[in-house]
There are 2 protein chains.
Amino acid sequence: MSKSDSEAQMSFELHSAARLLRRNFDRRAREHGLTRSRWQVLWHLARQEGLKQAELAENMDVAPISLTRQLDNLEQEGLVERRRDDSDRRCFRIYLTEAAQPALTVLRELAQATREQALEGLSAREVDQLQKLLGRVRQNLSRDEK
Amino acid sequence: MSKSDSEAQMSFELHSAARLLRRNFDRRAREHGLTRSRWQVLWHLARQEGLKQAELAENMDVAPISLTRQLDNLEQEGLVERRRDDSDRRCFRIYLTEAAQPALTVLRELAQATREQALEGLSAREVDQLQKLLGRVRQNLSRDEK
DNA sequence: GGCGTATTATAAGTATGCTTATGAAATGGT
DNA sequence: ACCATTTCATAAGCATACTTATAATACGCC
């Protein structure tokens with residue numbers, strides 16, 4: 001296989017693998033009544049709470065306006081909370097509520113299951129290698145992301 | 001790093017890298033007036049023409065109905081063609097027109113540029129390794145895709 | 001050969017994301 | 001202190017994808 005072909009193949013595999021990983025998780029999440037856009041918000045909040053909407057949107061890689069509606073819904077259902085910032089009355093700080101904890105537990109289990117399936121048959125060394133190579137690709141691409 | 005952490009990290013990198021790759025290409029394509037959904041159709045057709053809409057949709061990983069509208073637009077602009085199948089009057093076979101060729105040339109160049117940026121600093125051997133590892137992940141996940 | 005089922009494309013309605021515009025509040029230069 | 005600029009959240013309108021339903025045609029079992 002020529003260098004250029006191998007590179008093209010790599011793009012294809014990268015795309016496919018990521019799509020399948022997402023899908024696999026989606027399928028599991030859907031069985032629990034969690035839709036993609038919903039679990040993504042919860043997932044990011046579990047990593048870090050108290051962000052402004054704009055910051056959270058940046059983290060999630062969606063436009064702030066797109067997050068607004070998701071938060072509207074999640075807030076209505078009592079899973080997240082908008083708290084006014086004391087020092088800047090323009091913005092809110094976003095927090096999870098206690099009611100969100102059960103969903104998070106489920107999400108963590110689903111993520112684990114998906115990963116196990118994805119990495120079946122790969123040695124710890126190979127997983128590590130894959131992670132490092134992907135990390136370099138990511139850095140190459142994120143250089144000019146702003 | 002524990003095994004489980006390393007695995008979680010891998011999912012994150014995979015997701016990120018794929019997203020950035022897509023985005024990088026999108027940004028380039030957009031400068032040429034090509035939107036995501038449009039170039040995806042053209043791209044897949046360049047690989048293989050003459051498919052039924054349902055088959056093409058399956059390849060592209062979208063629902064058939066979603067493809068219908070894209071084809072409506074692309075057909076209107078004369079970039080693709082729906083040809084009736086002789087032996088099955090229910091279905092169309094989809095083909096690119098001559099008018100689509102310039103766009104495809106541009107797409108190929110953009111893809112090349114994106115790949116070069118993504119893989120900067122990786123040796124041919126590393127690219128190959130990455131491709132093979134991703135291939136295994138893909139296979140693990142695509143087993144139960146249907 | 002004939003009828004039930006499957007397949008193909010599409011339509012209607014809904015969800016979700018984006019671009020662009022807007023109002024309120026903060027910030028910075030002078 | 002004042003005005004221009006920036007930032008934050010949201011609104012309106014559009015693009016795109018999905019779920020579910022439907023009409024036309026093909027297929028398969030008996």
Side-chain angles (χ1 to χ4, degrees), chain A residues 15 19 22-23 25-27 29-31 33-45 50-77 79-95 145-146, chain B residues 15 19 22-23 25-27 29-31 33-45 50-77 79-95 145-146:
Chain A
H15 210 91
R19 176 175 54 77
R22 208 174 353 96
R23 253 214 209 173
F25 186 83
D26 278 354
R27 192 169 39 226
R30 171 147 300 193
E31 287 166 13
L34 286 161
T35 178
R36 168 96 54 91
S37 49
R38 301 166 62 80
W39 64 252
Q40 282 200 336
V41 176
L42 297 178
W43 188 260
H44 280 263
L45 283 175
L51 295 173
K52 290 186 280 195
Q53 285 189 204
E55 291 168 346
L56 179 56
E58 168 73 22
N59 279 3
M60 291 179 56
D61 190 38
V62 297
I65 180 64
S66 307
L67 182 57
T68 298
R69 263 200 298 209
Q70 286 307 323
L71 290 178
D72 287 348
N73 295 335
L74 291 169
E75 190 178 32
Q76 185 117 30
E77 297 165 39
L79 296 179
V80 307
E81 207 183 340
R82 283 176 167 110
R83 298 191 202 151
R84 280 281 175 200
D85 187 314
D86 291 332
S87 62
D88 185 343
R89 277 180 303 163
R90 288 173 307 180
C91 63
F92 298 100
R93 301 282 172 175
I94 314 298
Y95 292 88
E145 274 291 312
K146 200 174 65 158
Chain B
H15 210 89
R19 177 175 53 77
R22 212 175 348 98
R23 252 216 211 172
F25 186 84
D26 278 354
R27 191 166 42 224
R30 171 148 298 194
E31 287 167 12
L34 286 160
T35 177
R36 168 94 55 90
S37 49
R38 301 166 62 81
W39 66 252
Q40 282 199 337
V41 177
L42 298 178
W43 187 260
H44 280 263
L45 283 174
L51 295 173
K52 291 186 279 197
Q53 286 189 204
E55 291 169 344
L56 179 56
E58 167 73 23
N59 278 3
M60 292 178 56
D61 189 40
V62 298
I65 179 64
S66 307
L67 183 58
T68 298
R69 267 205 290 211
Q70 284 307 324
L71 289 178
D72 287 347
N73 296 335
L74 290 169
E75 190 178 31
Q76 185 118 29
E77 297 165 40
L79 297 179
V80 308
E81 209 182 340
R82 282 176 166 110
R83 298 192 202 150
R84 280 283 176 200
D85 187 313
D86 293 332
S87 62
D88 186 342
R89 276 179 305 162
R90 288 172 307 180
C91 63
F92 297 101
R93 300 282 171 175
I94 313 298
Y95 292 88
E145 272 292 310
K146 199 176 63 162

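Chain identifiers are assigned alphabetically (A, B, ...) following the order of the sequence lines, protein sequences preceding nucleic acid strands; residue numbering begins at 1 within each chain.
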Which residues share a salt bridge (Lys or Arg N to Asp or Glu O under 4.0 Å) with B:Arg90, sequence neighbours left out = B:Asp88
message = Pair B:Arg82, B:Asp72 - check salt bridge (charged side-chain N to carboxylate O under 4.0 Å, His left out), show working.
response = CA-CA 9 Å; B:Arg82 282 176 166 110; B:Asp72 287 347; 3.0 Å; yes
Restricting to nitrogen or oxygen on both sides, can you table the protein-nucleotides 10-13 of chain C pairs closer than 3.5 Å?
| unit_1 | atom_1 | unit_2 | atom_2 | d |
| --- | --- | --- | --- | --- |
| C:dT10 | OP2 | B:Gln53 | OE1 | 3.1 |
| C:dT10 | OP2 | B:Gln53 | NE2 | 2.9 |
| C:dT10 | OP2 | B:Thr68 | OG1 | 3.4 |
| C:dT10 | OP2 | B:Arg82 | NH2 | 3.2 |

Nearest-nucleotide 5' precedence on DNA chain C, B:Arg84 against A:Ala63 = B:Arg84
ask   = Start at the 5' end of DNA chain C and walk down; is the nucleotide closest to B:Arg93 or to A:Leu67 reached first?
value = B:Arg93
Report all interatomic pairs (protein N or O, nucleotide N or O of nucleotides 1-7 of chain C) with separations under 3.5 Å.
| unit_1 | atom_1 | unit_2 | atom_2 | d |
| --- | --- | --- | --- | --- |
| C:dT7 | O2 | B:Arg90 | NH1 | 2.7 |

In whole Å, what is the span from the [atom1] atom of [X] to the [atom2] atom of [N]?
X	N	atom1	atom2	value
A:Gln70	C:dC18	CD	C1'	14 Å
A:Arg38	C:dA15	CZ	C1'	12 Å
A:Asp26	C:dT16	CG	C1'	13 Å
A:Arg89	C:dT27	CZ	C1'	15 Å

task = Describe the nucleic acid contact of A:Arg30 in one word from base, sugar-phosphate, nothing, applying a heavy-atom distance below 4.0 Å.
result = sugar-phosphate
ask   = Within the structure shown, what part of the strands sits under 4.0 Å from A:Ser66 by heavy-atom distance: base, sugar-phosphate, or nothing?
value = base
request  = Please list, in 5' to 3' order, the outermost nucleotides of DNA chain D lying under 4.0 Å from any heavy atom of chain B.
outcome  = D:dT16 to D:dA26
key: Close side-chain approach of A:Trp39 and A:Arg36, heavy atoms under 4.5 Å   = yes
inquiry  = Please enumerate all residues that pass side-chain hydrogen bond (donor to acceptor under 3.5 Å, both in side chains) together with A:Asp85, with sequence neighbours excluded.
reply    = A:Ser87, A:Arg93
key: Global bending angle along the helix from C:dG1-D:dC30 to C:dT30-D:dA1, which compares the axes of five pairs at either end, to 10 degrees   = 30°
